[in-house]
Amino acid sequence: MSADDAADFESAMVRLEQIVQELESPELALDRALVLFEEGLALGNRCTQLLEQARVRVDQLLERQDGSAEARPFEAPEGS
Amino acid sequence: MVQPDLFAATPASPVYSVSEINERVKRLLEDAFGDVDVEGEISNVRAQASGHWYFTLKDAQSQLQCILFRSDAARLRFEPEQGLHVRVRGRLGLYAPQGRYQMQVRTLHPVGHGALELAFRQLKDKLQREGLFDARRKRSLPQLPRRVALVTSPTGAAVRDLVATLALRWPLLHIRIVPVAVQGESAPGEIVRALEFLGRNDVADVVILARGGGSLEDLWAFNEERVARAIAASRLPVVSAVGHETDFTIADFVADARAATPTAAAALVVPQREELRRGLTASLRRMALALRKRSDIERHRLQRSLESYGFRRPRLLIAQHLQSLDTWQERLQRALGVRLQRLATNLDAARGRLSALSPRGVLERGYVYCVDSQSGDVVTRAAATRPRQRLHLQFADGMAPARIEGAGGAGLESEA
């Protein structure tokens with residue numbers, strides 16, 4: 001799973017919550033409600049898709065001489 | 001006759017200087033005993049800035065002065081404390097500056113319980129007094145972490161369980177393993193270093209410090225003071241998952257959250273994919289309900305307009321609203337799919353009620369309304385008409401052009 005996908009998912013969830021709240025506000029114009037609804041559905045689909053397709057990413061962090069981080073592939077131990 | 005010198009030393013009774021006699025006694029003590037074991041109760045403990053410890057070992061009748069040098073004290077896992085019943089091993093000697101005999105203690109064992117249990121209790125009490133276990137110190141875990149650092153052995157069962165459980169629960173996760181020794185001499189230093197390293201670099205959002213089960217000795221690294229302090233000082237929230245359910249370590253007390261097992265730690269850190277999916281469904285349902293409510297409001301507004309007869313609202317506007325409701329219905333039905341099918345059915349019903357209220361239904365009953373041909377405005381009063389004004393009459397089946405004859409509204413007014 002790329003970091004972008006995780007970010008995507010999060011922002012989609014946040015936006016979806018905003019949409020739901022805005023839709024629940026009584027002053028909302030109908031035109032606006034329709035636009036929001038469409039957007040919300042698209043976000044919902046996107047999130048579901050991300051959840052279905054995601055594969056967890058595993059790596060190993062090592063400390064360089066200067067204290068910074070270096071990511072290396074992680075070799076899973078025997079039996080995993 | 002020579003007076004005998006009364007103060008002259010005889011060979012049988014030599015005269016010593018103080019230093020000499022102390023030196024003699026010292027050697028005697030050392031030679032006579034070598035290494036001795038003594039059991040007693042500690043009292044009068046003093047830790048010196050130099051790192052040496054002084055205390056008295058006593059029983060009901062007697063006392064023995066003891067010194068524990070820094071290098072020996074450093075090897076102890078616990079600290080000598082008042083009232084502690086111990087067995088010490090060391091050498092007897094004499095402290096010449098004070099002419100006092102004492103024991104130089106090299107090792108010290110608590111009697112009645114293990115050294116590790118004692119050390120555990122001591123450190124726990126100490127850190128507790130300092131407030132390191134306070135609930136208000138504990139940081140909350142991120143709601144939806146993107147990156148989880150596993151500070152653990154890269155070859156243990158713990159890492160395998162963690163990766164498997166995390167992957168299953170939350171596939172959008174980036175798992176980052178920070179390999180450390182989790183037992184043995186180097187373990188505490190490596191754990192401290194890993195936590196500091198994670199604090200310095202922006203590479204993770206939350207840390208799981210993990211190790212499988214083992215004896216108190218095996219888990220000891222997690223009871224070290226410097227490990228506890230590194231957890232407390234960590235920039236990132238730390239979840240401890242050390243040992244089995246019944247094993248408690250100092251790390252568990254000081255961590256922001258404690259999990260009984262690696263699997264439980266995974267559950268603390270990331271949500272279940274299914275939970276999120278349910279949340280998504282709930283959001284979509286709320287959206288649909290909100291829209292439905294919105295459509296109800298719209299319908300009531302139209303209804304009010306229609307009930308006021310005169311069609312005071314311009315016809316075009318009403319038509320527009322109805323049309324957008326229609327459009328919306330279509331889009332909604334298209335979008336909802338199976339999951340919200342029931343809702344769509346409800347909306348269909350609403351739509352049926354709406355069309356019964358449409359202006360067309362009224363016109364079918366024989367009413368007509370007229371619209372100014374030029375402006376498109378609905379003409380609702382005879383008084384508002386002008387001579388020769390062109391109008392369009394709206395029947396149920398279509399429009400017919402018309403013209404005002406005579407004086408129009410002005411004539412009407414004068415007649416009235």
Side-chain angles (χ1 to χ4, degrees), chain A residues 1-3 5-10 12-14 16-17 19-26 28-34 36-48 50-64 67-72 74-80, chain B residues 143-147 149-150 153-157 159-161 163-164 166-168 170-179 193-194 196-198 200-204 273 276-277 279-284 286-291 293-295 297-298 321 324-325 327-328 331-332 335-337:
Chain A
M1 194 79 248
S2 84
D5 282 349
D8 239 31
F9 184 87
E10 272 171 58
M13 289 293 283
V14 170
L16 187 56
E17 183 56 30
I19 286 174
V20 171
Q21 282 179 11
E22 198 177 337
L23 273 173
E24 286 173 343
S25 113
L28 189 68
L30 190 61
D31 283 357
R32 174 82 181 135
L34 290 169
L36 284 176
F37 186 80
E38 292 284 354
E39 189 188 344
L41 280 177
L43 287 169
N45 288 336
R46 174 82 181 127
C47 287
T48 309
L50 282 170
L51 277 183
E52 300 304 334
Q53 293 174 352
R55 290 290 310 271
V56 81
R57 200 166 101 195
V58 185
D59 62 11
Q60 166 164 221
L61 287 176
L62 301 174
E63 188 176 358
R64 289 203 196 92
S68 63
E70 182 183 336
R72 292 241 191 101
F74 177 68
E75 306 295 332
E78 287 295 306
S80 66
Chain B
Q143 287 275 307
L144 204 57
R146 290 185 204 168
R147 303 162 304 176
L150 309 183
S153 157
T155 55
V159 79
R160 218 166 49 221
D161 291 355
V163 169
L166 287 169
L168 202 66
W170 192 238
L172 282 143
L173 195 65
H174 187 177
I175 300 173
R176 325 203 72 174
I177 291 150
V178 184
R193 201 175 160 160
E196 288 171 355
F197 157 73
L198 288 169
R200 270 198 314 275
N201 294 282
D202 180 23
V203 288
R273 182 185 351 206
L276 259 290
R277 207 175 273 152
L280 274 176
T281 309
S283 288
L284 293 177
R286 267 172 75 196
M287 279 203 328
L289 282 174
L291 260 199
K293 211 170 147 193
R294 194 66 194 72
S295 83
I297 293 169
E298 203 70 15
H321 274 287
S324 66
L325 271 178
T327 313
W328 166 61
R331 289 162 80 187
L332 190 59
L336 284 177

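Naming convention: chains lettered A, B, ... in sequence-line order (proteins, then strands); numbering from 1 in each chain. FYI, side chains are in, hydrogens and waters are out, and symmetry mates aren't considered; it's all heavy atoms of this structure.
Considering only residues two or more places apart in sequence or on other chains, B:D202 meets the side chain to side chain contact (heavy atoms under 4.5 Å, CB included) condition with B:R147. Under the side chain to side chain contact (heavy atoms under 4.5 Å, CB included) criterion, A:A42 pairs with no residue at all, not counting sequence neighbours.
Heavy-atom neighbours of A:R72 CZ from other residues, nucleotides or ligands within 6.0 Å: at or below the threshold of 12.
Pairing each heavy atom of A:A54 with each of B:P171, the nearest pair is O-CB, 3.5 Å. Of all the heavy atoms in B:P154 and A:F74, the pair that sits closest is O-CZ, 3.7 Å. In terms of heavy-atom proximity, B:S283 sits nearest to A:L16 at CB-CD2, 3.8 Å.
With respect to B:H174, the side chain to side chain contact (heavy atoms under 4.5 Å, CB included) criterion is satisfied by exactly one of A:V58, A:D59, A:V56: A:D59. Results of the side chain to side chain contact (heavy atoms under 4.5 Å, CB included) test with A:L61 over B:L198, B:N201, B:I177 single out B:L198 as the only residue that passes.
Atom CD of residue A:E22 and atom CE of residue B:M287 lie 12.0 Å apart, to the nearest 0.5 angstrom. Note that the CG atom of B:L284 and the CG atom of A:N45 stand 7.5 Å from one another [nearest 0.5 Å]. The CD1 atom of B:I175 lies 11.0 Å from the CZ atom of A:R57; values are rounded to the nearest 0.5 Å. Remark: B:R286 CZ to A:L23 CG distance equals 9.5 Å, nearest 0.5 Å.
Using a 4.5 Å cut-off between heavy atoms, A:L62 contacts chain B through both its backbone and its side chain. At a 4.5 Å heavy-atom cutoff, B:A164 makes no contact with chain A through either its backbone or its side chain. Interface remark: A:E17 contributes side-chain atoms only to the contact with chain B (heavy atom separation under 4.5 Å). For a residue to count as touching a neighbouring chain, one of its non-hydrogen atoms must lie under 4.5 Å from one of that chain's; by this rule B:V178 touches chain A with backbone and side chain alike.
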So A:E63 and B:R200, side-chain contact (heavy atoms from CB on, under 4.5 Å) or not? Walk me through it.
CA-CA 11 Å; A:E63 188 176 358; B:R200 270 198 314 275; 2.7 Å; yes

